[in-house]
Structures are given as structure tokens and as C-alpha cells.
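Each chain gets a letter, A, B and so on, in the order its sequence line appears, and its residues count up from 1. The basis for the numbers below is simple: all heavy atoms, side chains too, and nothing from hydrogens, waters or symmetry mates.
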Amino acid sequence: MSDTSSESVPDARPANFIEQKIKADISSGKHGGRVHTRFPPEPNGYLHIGHAKAICVSFGLAKQFGGKTNLRFDDTNPEKESLEYVNAIKKDISWLGFDWDGDEFYTSDYFEQLYNYACKLISKGLAYVDDQTAEQIAAQKGAPGTPGVNSAYRTRSAEENQKLFGEMKAGRCKEGERVLRAKIDMGHVNMLMRDPVIYRVKFVNHHRTGEDWVIYPMYDFAHGQSDSIERITHSLCSLEFENHRPLYNWFIRALDIYPSEQTEFARLNLNYTIMSKRKLLRLVEEGVVDDWDDPRMPTISGLRRRGYSAESIRVFSNLIGVAKRNNTIDVSLLEWSLRDDLNRRALRVMAVLNPIRLVVLNYPEEKMEMMKAVNNPEDEAAGTREIPFGRELWMEADDFRVDVNKKWFRLAPGRTVRLKFAYIVQYVNHLQDEQGNVTEVHVNYLPNSRSGQDTSGVKPKGTLHWVAADSAKEAEVRLYDRLFKEAAPEAKGDFMDALNPNSLKILQGCKVEPCLSKAAEGTYFQFTRLGYFTLDPKHSKPGLPVFNRSVSLKDGWKG
RNA sequence: UCCCCGAUGGUGUAAUGGUAACACACCGGUUUUUGGUGCCGUUAUUCCAGGUUCGAGUCCUGGUCGGGGAACCA
């Protein structure tokens, strides 16, 4: 009745094809107008940015239409799954900003029901126990374009199948000795419809059901039925399951259960990134990165540690859209999403990464002033703070050069610059070591140029960040670059060959504003003129904070 | 060989038979006590061939190219 209510919600983003389908379903009264989605991770690894897109799609669409989303762990293969992954997944999803009303679903909760479904199939003559080996079954499968051949066990009676399936369940069959197969069509053009295996024997302890079961359902026999049991209306998944949809529907029809509907969309790919759990695991195992949450990893935990905000990831997911064509998103869009978010929220502070001495010769030696610094020019409510200024300062080595052209706005012989929130200073001279590295720069300041009460009339082109030497705190800073030097790391053979050897640069002896010694985990900072940074909770030690660079500032300087 | 899906600027996404648009990237200008932000602007797009139609990115046919498809994985 409220067909205009969704229109009243302002939403500049164009509707994607799934949204359009849902709208059509609602207006046609399908599923009683309900929208109920699910996110079904297998707890066998950490979630990555690709999963974040899937989460935003399934949770986001349900939320948009006033529906619900079930978090369901698809735990039908106990060999690969564990509680550790369950917990990590829950943490990542709730950090992303989605909740599941305290209800957690597990496919393993339906093992009994699924077993009964299998029995029902047997009694309808639609499933049979096959005694052949995996190799024999594979050999009979045929090939695309060539039909397979029927198993000799395909004609067993329902009674015999029931008895044998019961024995499988009772643990009287060895692993690999027998499987239960759906009886569909060995000549079907879709290979998945050629009598797929639906139950196999595994004498493996399950992280939730323990030793209760020795037979476990295959994905195709578990997923659609679980959707159906939960009365999921829109089961959204990635393109790789398109070929599974006929099977998904076949089981629902054969079992005559709630008709959940599967719709597929393209998964996220990012350039300069790999997105496969198996390959990410290899990076961890071979020590290329320090763990799943290494700030260079595209995992949600890695992005979090890197300093990505949940908001920026949600915005990114919205920006990339949902469609069926394979895509490769430019990482710059992810980076833009972060900058756009943090520009509004991050606290501006000053930090000098590669410090050299800056001495203000005409500033009294014993004098110290507190300067008023704006915390965030994008947000007046963020207020101001006081920072100490004195005769001896630290400045960025990169901000001084001896030989310069007219495009150089920073300090150099003969040049004048503004020290942010402080005074305008003029070059006097500089000192070098034996290797010719500049170690110290001497300047004079203009006393009437104090920030906020400048009457000097001097308009320097450049503004430099700085830290007062006396009160500066020591910090370590980690600069990250993309993990791979190739846009498509997997394109030319082994992705390990495409690794960027300079993806991590550790800077020690950095000088930061006093307030940063009290930096809290999860606070977003902008180090003025340098980029966005956040405290690394793993490497920081009392008295020696470690900051991760989340993303640099956009650098418009072409010099 | 067969089946399924897809093809719109550099990268993505819209346009649902009626002016091909938006974002990011790029380039240029402007503002600026961050070479950031903001603001303004430039460049650049419908895979090919037929057909239907007054009119096709959209519908039909054929082709080309790309992705997926045989696990007791999900």
C-alpha cells in the first residue's frame, strides 16, 4: 500500500538490478512482500574487502526494504572450519556496522532436518547410495558436451537405499566407501545436474556438533534448504553459483519446501590486490605479511588495523555498484572513500617523519609560546588546542632543498615560508654533514607574523609543519605501499613474483606533537601535509607509539 | 565440443524504445596558513554485422571477445 514510501527516501544512487527485482517482487506480492536475506560465510578463513561488498549488499538491501538478514555459518565441511574463524567473522561484520539481532544461524543446526530431507528424496526415488569410488564416479560424469553414464547402483530400491543411508549415518561405512547421490540426469547439459553427490562420510570432529555426525551434506544439498528453512526470500550470492541455481531450485521443488530464490551478482575485484582466501593464506604462511591483519592485507581486519573506517568501506561498497559483469575496481576509489571520510573526521596533528633541526636564530633561547592550532578545519566543533613553539624545532627533511626552481614553495636558500599556526620564517643558512646531507637549517622569524595576528604583509607560498624540539615525543611510523607492483598480480604466472618489495617502510625516530603520546587505538589522525594515520595496536609499546599510515594525502604537486 | 552469464569513456555504474549521465582517475584553472579540502572546467563511451521501429545502448537474429562450468570444497 505504501508504494511511494521508498520513493520518499532520498537516495542519489541509481538502483541496481537486484534492488529493482526486489521492488518488483514487493509490488507483485511475492513472498508476501517480505525481504529476508542472508550472509553465509564458511568459517574457514578471514573476511576480506570482497566479503565486505557482499555483506553491504545483503544486509544493506534488507535494511533498505525493512527486512532482515540472517548471519549463517555454512559449516558443512568440518575439516576446514573452526571456532576461531567464526569469532573473527562475527567481529568483522559487527565492526562494519551490521548486526543480526543476536541470532546466529548455522547450517549444522539443520543436520537432522537435512538428513530427513535426504530420506524423503530416497523415498521418492530421487536419491540413491552409490558404492563406487570418487574416481569411478568422476569417470562416469562425462564431460561438457558428452553425456555421462549411469551408475550401476542407480536402480537400487528405495528400501535398500534407506537401509544403506542409515548405515552411513550410523558410522558403519568407511570414508569414501559410499555416498548418497541425487538421481537427476547423467546426460544433463549442466554438469552439476549429473547425479551430484549430496552426502559423504567424514569421521571428523565438527566444531559445533562434535562426534554426533559422520555424514555431512554437500554445499548444494545444504545451502538452498537452509535458505528455505529460514524462509529467506532473496538469496544473494556471487556469479560462480549461477550454474548451481538449477540444482538449488531442483531440491526445493523435489522436497516441496519454501521457495527461496537465488540471485547472483559479480564479486569485487581490486587492482593491485588478490582476493582469494587460499592465496592470502599463503602470504601469511610464507611470512610475506605478519598475519591476516597485516595492514597491507585486503582483509577487513587488515583494513581496520591500517586505519580504514567502517564508514569508508560502506561508502565504497555503495559506490562500486552491483551488476553481473566481471569488474576490476581501481584501488584509488577505495582510497578516495577513506580520504573523503577522514577529511571530515580526522584530528589534525603535526608529526615530522624525517626530522632535521630548524633553529630560529632571532627567537629568544629561553622563550616558549603556546600556539593555537585548529583541530579540524572541516569541523569547527572539533575545536582548537595549544601547541608549544620555541627556538629549536624539528622540520621535515623533504621540506628543504638547496637547488630549487620557481615551482618550489618550501624552504631553500633565500626563501620565506610560514610555519603552520606560528610565524613566518626566512632562510639564513644551513649545515651539512660530510655526505652533504642537510642536518640543520637556520632561519629568522618575523615577530609580527604570528598566526591569527599577522601584520607583516608577507605572503609566503609555502606552509610547513613542525614540532618543537623540547616537547616533541618519539614515535615509529610505518608507511605502506600496495602489496603488489602489478595491477593484475595473477595475470603473469605466480602472484608471488608480483610482490612489491617496498610495500612496508619503517621510520624510527619520528618526532610528534606531545598529545600523540596519549593517542588511543581507533582514533583517526591526519598528520598535517602527510596523510591519515592511526595507532597500530600490535606494535605500539608504552612510551613508543607506532603509527600506521592509512593513506597518504593526495599530492597535487608536480614538481 | 556443449551449457550458463556478460560486453556503455582509463576504471566502475546508470539510462527499462525517445537529448548517453554520474563517480573515481586524468588534465587545466581558482581558493587556501595542509602543494590537502572546496569550487569551476577540459578530454573521453554504447563489441561487430544484419533486422524490427518514425526512433535502438535498450528488442530480435547471427557472430566476435571475456568470465564461469566435470571436487566425496564452499
Side-chain angles (χ1 to χ4, degrees), chain A residues 12-17 20 40-42 44 74-77 79-81 107 130 133-134 137-139 141-148 175-181 188-194 196-202 215-216 218-220 222-223 237-246 264 266 271 277 316 319-337 339-340 343-344 348 350 374 377-378 407-410 417-422 424 449 451-452 454 459-465 526-531 552-559:
Chain A
R13 182 177 49 84
N16 64 59
F17 79 100
Q20 296 181 20
E42 183 187 13
N44 70 342
D74 212 350
D75 53 352
T76 58
N77 186 2
E79 273 166 84
K80 296 180 176 173
E81 299 154 5
T107 304
D130 197 327
T133 64
I137 291 173
K141 205 108 202 189
T146 332
E175 284 188 23
E177 193 181 338
R178 291 195 233 267
V179 292
L180 185 69
R181 291 227 259 168
H188 204 285
V189 289
N190 183 337
M191 297 289 294
L192 293 166
M193 299 292 272
R194 322 246 261 226
V197 171
I198 58 177
Y199 262 96
R200 76 288 212 194
V201 175
K202 270 183 200 285
I215 55 170
Y216 292 96
M218 297 288 289
Y219 167 84
D220 283 307
H223 200 92
C237 64
S238 53
L239 252 27
E240 56 184 314
F241 293 102
E242 254 174 336
N243 293 316
H244 293 248
R245 179 152 33 94
E264 313 84 11
N271 60 9
K277 278 191 211 171
F316 171 75
L319 244 29
I320 59 180
V322 179
K324 293 195 75 160
R325 91 179 72 131
N326 297 305
N327 60 79
T328 303
I329 307 289
D330 204 316
V331 281
S332 65
L333 185 60
L334 214 212
E335 295 175 344
W336 176 86
S337 306
R339 289 193 189 104
D340 188 54
N343 177 50
R344 278 188 290 265
R348 270 65 169 176
M350 294 205 280
V374 173
E378 305 296 319
K407 287 190 159 176
W408 180 261
F409 295 169
R410 286 116 93 150
V417 297
R418 155 79 62 185
L419 296 180
K420 192 162 176 78
F421 301 133
I424 292 172
S449 69
S451 188
D454 183 359
K459 299 283 176 204
K461 282 208 153 146
T463 301
L464 268 40
H465 61 278
Q526 184 195 106
F527 288 2
T528 302
R529 299 210 302 139
L530 297 174
S552 66
L553 250 30
K554 188 176 156 195
D555 190 357
W557 183 45
K558 306 298 183 306

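We find that CG of A/Asn77 is positioned 6 Å from P of B/rC73, with the value rounded to whole Å. Between the CD atom of A/Glu242 and the P atom of B/rG68 there is a distance of 12 Å, rounded to whole Å.
Here B/rA25 is the nucleotide among B/rA25, B/rG68, B/rA70 with the atom lying nearest to any side-chain atom of A/Ser332. The side chain of A/Arg325 lies closest to B/rU8, out of B/rC24, B/rC2, B/rU8. For A/Asn326, whose side chain is taken as the heavy atoms from C-beta onward, the closest listed nucleotide among B/rG12, B/rC72, B/rG67 is B/rG67. Looking at the side chain of A/Ala323, the nearest of the listed nucleotides B/rA71, B/rA14, B/rA74 is B/rA14.
When the ring pair (Phe, Tyr, Trp, His ring centres under 6.0 Å) test is applied to A/Phe409, no partner is found at least two apart in sequence or on another chain. Take A/Asn77 and apply the side chain to side chain donor-acceptor pair (under 3.5 Å) test, not counting sequence neighbours, and it matches no residue. Every residue meeting the side chain to side chain donor-acceptor pair (under 3.5 Å) condition with A/Arg418, not counting sequence neighbours, appears here in chain and number order: A/Asp454.
Side-chain N/O atoms of A/Arg200 include one lying less than 4.0 angstrom from OP1 or OP2 on B/rA74. Listed pair A/Lys554 / B/rG38 fails the phosphate criterion, with no side-chain N or O lying under 4.0 Å from OP1 or OP2. Here A/Thr146 does not reach the OP1 or OP2 of B/rC2: none of its side-chain N or O atoms lies under 4.0 Å away.
Paired regions of RNA chain B, where each region holds three or more successive Watson-Crick or G-U pairs whose two hydrogen-bonding distances fall under 3.5 Å, are B:2-7 with B:64-69, B:10-13 with B:21-24, B:27-30 with B:38-41, B:47-51 with B:59-63.
For the residue pair A/Asp74/A/Thr107, the side-chain donor-acceptor check at 3.5 Å is satisfied.
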(request) In sequence, state the C-alpha distance, the side-chain angles, and the governing distance for A/Glu264 and A/Arg245, and then conclude on salt bridge (charged side-chain N to carboxylate O under 4.0 Å, His left out). (result) CA-CA 9 Å; A/Glu264 313 84 11; A/Arg245 179 152 33 94; 2.5 Å; yes

Please produce a list of atom pairs where a protein N or O lies less than 3.5 Å from an N or O of nucleotides 19-22 of chain B.
none

Return the polar atom pairs (N/O with N/O) between nucleotides 30-34 of chain B and the protein under 3.5 Å, or none.
from, atom 1, to, atom 2, distance (Å)
B/rU33, O2, A/Phe421, N, 3.1
B/rU33, N3, A/Ser451, OG, 2.7
B/rU33, O4, A/Arg418, NH1, 3.1
B/rU33, O4, A/Ser451, N, 3.3
B/rU33, O4, A/Ser451, OG, 2.6
B/rU33, O4, A/Gly452, N, 3.1
B/rU34, O2, A/Gln526, OE1, 2.9
B/rU34, O2, A/Arg529, N, 2.9
B/rU34, N3, A/Gln526, OE1, 2.6
B/rU34, O4, A/Arg348, NE, 2.7
B/rU34, O4, A/Arg348, NH2, 3.1

